[in-house]
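Quick caveat: nothing in here was measured; it's all calculated off a predicted structure. When reading the values below, keep in mind they use all heavy atoms of this one structure, side chains included, and skip hydrogens, waters and symmetry mates. Position 1 is the first residue of the sequence, and the numbers go up from there.
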Amino acid sequence: MYDSAGSNAHDALQRIAFLAMRARGLDPEFSAHALQEAEALDEGRLLAQRTHAQPARDLRHLLWCSIDNDDSRDLDQLSVAEEISPQKIKVFVAVADVAIAVKKGSALDQHARTNTTSVYTAARTFPMLPDRLSTDLTSLNPNEDRRAVVIEMVVPETGVVESGTVYEALVRNTAQLSYNRVAAWLEGGEPVPAAVAKVPGLELNLRLQLRAAAALNAHRHARGALAFETAQARPVFANGKLEALDADRKNSAKELIEDLMIAANGAVASFLGAHRSPSIRRVVRTPKQWERIVELAAERGAELPASPDVKALELFLESARRADPEKFPDLSLSIIKLLGAGEYVVNFPGQSAPGHFGLAVRNYSHSTAPNRRFPDLLTQRLLKAVLHGEAIPYAEDELKALAQRCTAQEDAAKKVERQVLKAAAAMLLEQRIGERFDAIVTGASAKGTWVRIQRPLVEGKLVKGFEGRRVGDRLSVQLVRTEIERGLIDFVAS
């Protein structure tokens, strides 16, 4: 038995994470060859490297900044804005140039291709690329010159992106900011963060970015983009002791970056399509469990059409948020589960992409996190082929196979993350066998029925009394078993 109050909790969770990676077909360690390749890279040569006739633009004078988690070290994107007129704002999103350092067929590429994503477990992060790259040479670190792929967009007050283009550039991050501190300021409770105040003009620029993001957000939601509010559990350790699982919620700074990145990802997909290039799209198909979503709405006195309608669903969600903000995160979770998982598909010139149901967009890629997601690195290579006038670096069948692998490995990574999180929760709960909790059903299928409790914020399996339960149902459960090694938490209906 592990003692969550003891100093071995963190080490135990790391071991569980390592084994879970192996069991799911993910490689927790870099090969010696990959590490050698990373160490052999030279910062100066990367900056000076010319890959085509036109040199990278020099945009180091702009007030670039990053906004990410407090503990993020792999900085994939920067943003900055310029006011064109009172009605139009030009937004720039710089994405770390990872393709210049990670060549197709290299040992680094092979590891990235194996895992396809960084895996963020409760005890340890397993990066897709070694720290030498992801937190250094290809991270957009503050006060460092870096190569980037820039997406430039003109955003009018209508929120409909008027023009978008992509090119390579040199950039320099003027401030590494955190979501929580920026949100505390934007939401009116705290003074301007010190990192913002010390850069002349950055405060006004952030407010300009916020205006652009608000316009983009309003347009997406007018089209039916779904606004959810969910809480993610985050482990809190102190000297190796697991103290709690805190809820990590959305805030205004996260929404600002989300809005800019959604626009940038859409612009990239459109750019590749306009240049007759294949692209890897991120899609969420029309939900197959729409009937249950209709029932959840009816239980709250609302009526949804019999056929999937994203705009009607968004109006219902907004009404539900206003009516009961305290319970809205639970409703959000239920709807997200019923919508189904996203997937990667290849879109070839002339084809119609399935689109992203939840975002209410047709053209959507993943392109803004190439340090931690392989689809984004693939997209960057496709972009560079267009920019350099070169042949597409992948055959059609290879692209299709890679898109399928990215979907499968993303699912495997999420299962590892959930298992380790549940192992952490099992540590916290092992002394609470027999206690009762309020719960909500988060999954119901032939594989089993799962419920989520609030304190700690975690899911477990309903092993008795699950007959007839459906996603979104509320019930009282009793904890009957925990198994830390396997991340098992079992409840019975009470």
Quick check: are there more than 12 heavy atoms from other residues, nucleotides or ligands sitting under 6.0 Å from [atom1] of [X]?
X      : atom1 : value
Asp397 : CG    : no
Lys311 : NZ    : yes
Arg432 : CZ    : yes
Arg418 : CZ    : yes
Arg405 : CZ    : yes
Glu303 : CD    : no
Arg181 : CZ    : no

Quiz item: If you round to the nearest 0.5 Å, how far is CD1 of Ile484 from CG of Leu429?
Solution: 9.5 Å
Okay, side chain of [X], backbone of [Y]: is any donor-acceptor separation there less than 3.5 Å?
X      : Y      : value
Asp473 : Arg470 : yes
Thr442 : Lys337 : no
Ser134 : Leu129 : yes
Thr379 : Pro375 : yes
Thr125 : Pro127 : no
Glu343 : Val283 : no

[X] and [Y]: which non-hydrogen atoms are nearest, and at how many Å?
X      : Y      : result
Asp97  : Thr138 : O-CG2, 3.8 Å
Phe374 : Met128 : N-SD, 3.3 Å
Val171 : Ala94  : CG1-CB, 4.0 Å
Gln209 : Ala81  : CG-CB, 3.8 Å
Asp259 : Ala213 : OD2-O, 3.5 Å
Phe271 : Leu387 : CZ-CD2, 3.9 Å

Exercise. Take the angle between the ring planes of Tyr364 and His366 and call it parallel below 30°, perpendicular above 60°, tilted in between.
Key: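 Correct class here is perpendicular.
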Hey, are [X] and [Y] close enough for a salt bridge, meaning a charged N less than 4.0 Å from a carboxylate O?
X      : Y      : value
Arg207 : Glu83  : no
Arg113 : Glu398 : yes
Arg373 : Glu410 : no
Glu417 : Lys414 : no

Practice problem: Report the C-alpha separation of Ser367 and Val95 in whole Å, then their side-chain angles, then the decisive distance to 0.1 Å, and conclude whether the side-chain contact (heavy atoms from CB on, under 4.5 Å) test is met. | Solution: CA-CA 8 Å; Ser367 64; Val95 179; 5.5 Å; no
Practice problem: Decide yes or no on side-chain contact (heavy atoms from CB on, under 4.5 Å) for Leu339 and Ile293, but give the supporting numbers first. | Solution: CA-CA 9 Å; Leu339 287 178; Ile293 295 176; 4.1 Å; yes
Practice problem: Tell me whether the guanidinium CZ or amine NZ of Arg281 lies under 6.0 angstrom from the six-membered ring centre of Tyr344 and within 45° of its axis. | Solution: no
Practice problem: List in chain and number order the residues that pass side-chain contact (heavy atoms from CB on, under 4.5 Å) with Lys464, two or more places apart in sequence or in another chain; answer none if no residue qualifies. | Solution: Val492
Quiz item: How about Glu187 and Ser252: does a side-chain donor come under 3.5 Å of a side-chain acceptor?
Solution: yes
